[in-house]
Every structure is written in structure tokens, then in C-alpha cells.
Amino acid sequence: MGEFVSVEVADQIATIRLDRPKMNALNGQVQRELDEAARLVDADSQVQAVILYGGKKVFAAGVDIKEMADMSYSDMSTHSRALQGCFTTVAQIGKPVIAAITGYALGGGCELALCADFRVAGESAKLGQPEILLGLIPGAGGSQRLPRLIGPARAKDLIFTGRHVPAAEALELGLVDRVVPDEQVYTAALEWAATFVGGPAVALRAAKQAVDRGLEADLDTGLEIERLQFSGLFATEDARIGMRAFMDKSKPKFTGE
């Protein structure tokens, strides 16, 4: 659909593919195309799971430094809103999203992976937030999503040092969820995504929103978010199908309604 970002749909699984040689640097055009792709798969009722993929060699090595190097404070004040907005659009896709990580996922690439619900990494993959080495900090959500995922002390270690984290350590930290041989990364993500196909799409969206929004609130507010999402599902056909199938001891055939 775009010059550097495409969407491929097969078996109700959408793959958002980055393809900007050599390192999938996330310049302004890639960000715009990524935003458009995320909106497209979110709105497509036939898509039940999404994979973020940068290809066999690299996920994304970060935001395009050459594009940013001459920006002024005024320039970045405007550009940073679009940068964060693009990543937020990906994070708010109302379907299970899996990042299939090969090679480097650094800076903006790591921040993009953090927008997914799950992360599968190849054995030789490296992740990190090296912005500090440029005299900067993460600007696409890394300082916020990373501590929410792995805890503040571990996040500060990665952000303060800018070090590259190998896949095995990333698994230990909880930064990735699975590590597989490099050549199996996309296949593993595809197999994981397939487990959501045929599921209760409305309930999956509600579950994702309840968890994500609840993390941003105090416990009482989070419980109210859960209560409203839970109650709302009783207006869906899928809930009736699921509960009826449970009582009949049969396998539910959800319709997504």
C-alpha cells in the first residue's frame, strides 16, 4: 500500500511489513505509512491478528537520524507529535499484535516492538534504546512503555546505558516473550497469530483495552474499566454463543458480533 510499508492478509492474519533498505530506518514517510497501515488492519473486520515484521535480516534499526540531525527544537516539537502518534496508532490496534523481530530492533525499532502485545525474537536479535549515546532520550514511547513492560529499574538500565540487549537476555528481562532460531521468527509469529483466528474478536478487543487502559490508571479506575468492558460483552452474540457452547459441552463457533 505504501512505498516502504505494505499490508498482506492471508488466513485472516495481516502482516505489516517494513521494507526500507538497508535497516528499515523509520523516517517521516515510513511513520506515515505505518500509521495508515495500522488504521487499515484495525478497521478490517476480516483481520483477526496482526504481525509486525521487518524482513529476514532486520526489524528496524531506529528513527532516521539523518532526517533528524538538522531539526531545531521548534521542528522537533511538531515532528515528535506525529512520531508518537504513529506508534500510538499501532499500540491501539484492537487485535492481538505480534512483533516478529530479526536482527536489530533499536531505538524507534525497539519502541515499535513495544507497541505489540507479544514479541518473538530470533536468536541473534538485539534490542535496545541507544538514544542516550546521541545525547537524547527515547521519543516514540520508550521511556513509558519499556518500564511498564519490564519495570522501572531494568528500563533505566537500558535507557541510561544505551546498550544492545541480546535475545537471550531480552527473554530473561521480559522484553521479548519467545526466542527461536533466526530462520523461524516469522513462522513462529504466524503460528502464534493463528491461535487467535476464529476467536471472539469483540472480547479480544475488550480484553486488550481493559489491560492497556487499566495500566494507565489507578486500581479503582482499572476495575471500573474492566466492569464496563465485561458488562458490555453481554450485548454480543459471541458471548451468547460461548456460554451456550459451554453448557452444551460443544466447541463455540464465534461470529465476531
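- Taken together through direct or relayed side-chain contacts under 4.5 Å among Ile, Leu, Val, Met, Phe, Trp and Tyr, Ile98 and Val5 form parts of separate hydrophobic clusters.
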Applying salt bridge (Lys or Arg N to Asp or Glu O under 4.0 Å), run through Arg213 and Glu216 and close with a yes or a no.
CA-CA 5 Å; Arg213 292 179 180 177; Glu216 299 167 359; over 6 Å; no
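- Residues satisfying the salt bridge (charged side-chain N to carboxylate O under 4.0 Å, His left out) test with Arg205, not counting sequence neighbours, are Asp42.
- Linking ILVMFWY residues whenever their side-chain heavy atoms come closer than 4.5 Å, directly or via other members, places Ile93 and Leu112 in the same cluster.
- Tracing side-chain contacts under 4.5 Å through hydrophobic residues (I, L, V, M, F, W, Y), one never reaches Val7 starting from Tyr53; they form parts of separate clusters.
- We find the SG-CZ distance between Cys110 and Arg119 to be 8.5 Å, quoted to the nearest 0.5 Å.
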Just distance, no hydrogens or angles: give the donor-acceptor pairs under 3.5 Å from side chains in residues 248-257, sequence neighbours left out.
from   : atom 1 : to     : atom 2 : distance (Å)
Thr255 : OG1    : Asp238 : OD1    : 3.4
Thr255 : OG1    : Glu257 : N      : 3.4

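- Applying the side-chain contact (heavy atoms from CB on, under 4.5 Å) test to Glu191 and every residue at least two apart in sequence or in another chain returns Thr187.
- For residues 78-89, the set of pairs meeting the salt bridge (Lys or Arg N to Asp or Glu O under 4.0 Å) definition, not counting sequence neighbours, is empty.
- With respect to the salt-bridge test (charged N to carboxylate O, under 4.0 angstrom), the residues Glu36 and Arg39 do not qualify.
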Scan the side chains in residues 44-51 for donor-acceptor partners under 3.5 Å anywhere in the protein, sequence neighbours excluded, and list what turns up.
from  : atom 1 : to     : atom 2 : distance (Å)
Asp44 : OD1    : Gln46  : N      : 2.9
Gln48 : OE1    : Gly198 : N      : 2.4

For residues 158-176, please give each side-chain donor-acceptor pair under 3.5 Å, one per line with the distance, not counting sequence neighbours.
from   : atom 1 : to     : atom 2 : distance (Å)
Thr161 : OG1    : Asp157 : O      : 2.7
Thr161 : OG1    : Arg163 : N      : 3.2
Arg163 : NE     : Asp157 : OD2    : 3.3
Arg163 : NH1    : Glu169 : OE1    : 3.1
Arg163 : NH1    : Glu169 : OE2    : 3.2
Arg163 : NH2    : Asp157 : OD2    : 2.8
Arg163 : NH2    : Glu169 : OE2    : 2.7

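- Not counting sequence neighbours, the partners of Ser6 by the side-chain contact (heavy atoms from CB on, under 4.5 Å) test are Glu8, Arg17.
- In this structure, Arg32 has no salt bridge (charged side-chain N to carboxylate O under 4.0 Å, His left out) partners at least two apart in sequence or on a different chain.
- If you check the side chains of Thr15 and Tyr186, you find a donor sitting under 3.5 Å from an acceptor.
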Validation: residues 59-69 side-chain donor-acceptor distances under 3.5 Å, sequence neighbours left out:
from  : atom 1 : to    : atom 2 : distance (Å)
Asp64 : OD1    : Lys66 : N      : 3.1
Asp64 : OD1    : Glu67 : N      : 3.4
Asp64 : OD2    : Arg20 : NH1    : 2.9
Asp64 : OD2    : Arg20 : NH2    : 3.3
Glu67 : OE1    : Gly28 : N      : 3.0
Glu67 : OE2    : Gly28 : N      : 3.3

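- Leu134 and Met76 fall within the same hydrophobic cluster, defined by Ile, Leu, Val, Met, Phe, Trp and Tyr side-chain heavy atoms under 4.5 Å apart, directly or through other members.
- Distance check: Ile241 CD1 to Glu237 CD gives 4.5 Å after rounding to the nearest 0.5 Å.
- Under the side-chain contact (heavy atoms from CB on, under 4.5 Å) criterion, Asp218 pairs with Asp220, Thr221, sequence neighbours left out.
- A chain of hydrophobic side-chain contacts below 4.5 Å, direct or via other Ile, Leu, Val, Met, Phe, Trp or Tyr residues, connects Leu83 to Leu34.
- The salt bridge (charged side-chain N to carboxylate O under 4.0 Å, His left out) check on Lys95 picks up nothing, with sequence neighbours excluded.
- In this structure, the side chains of Gln129 and Glu111 come closer than 4.5 Å at one or more pairs of heavy atoms.
- Checking side-chain atoms of Glu33 against main-chain N and O of Phe4 turns up a donor-acceptor pair under 3.5 Å.
- The CG atom of Leu219 lies 9.5 Å from the CD atom of Glu226; values are rounded to the nearest 0.5 Å.
- Through chains of ILVMFWY side-chain contacts below 4.5 Å, Leu233 is grouped with Val202.
- Applying the side chain to side chain contact (heavy atoms under 4.5 Å, CB included) test between Phe87 and each of Leu114, Asp35, Leu26 identifies Leu26 as the sole match.
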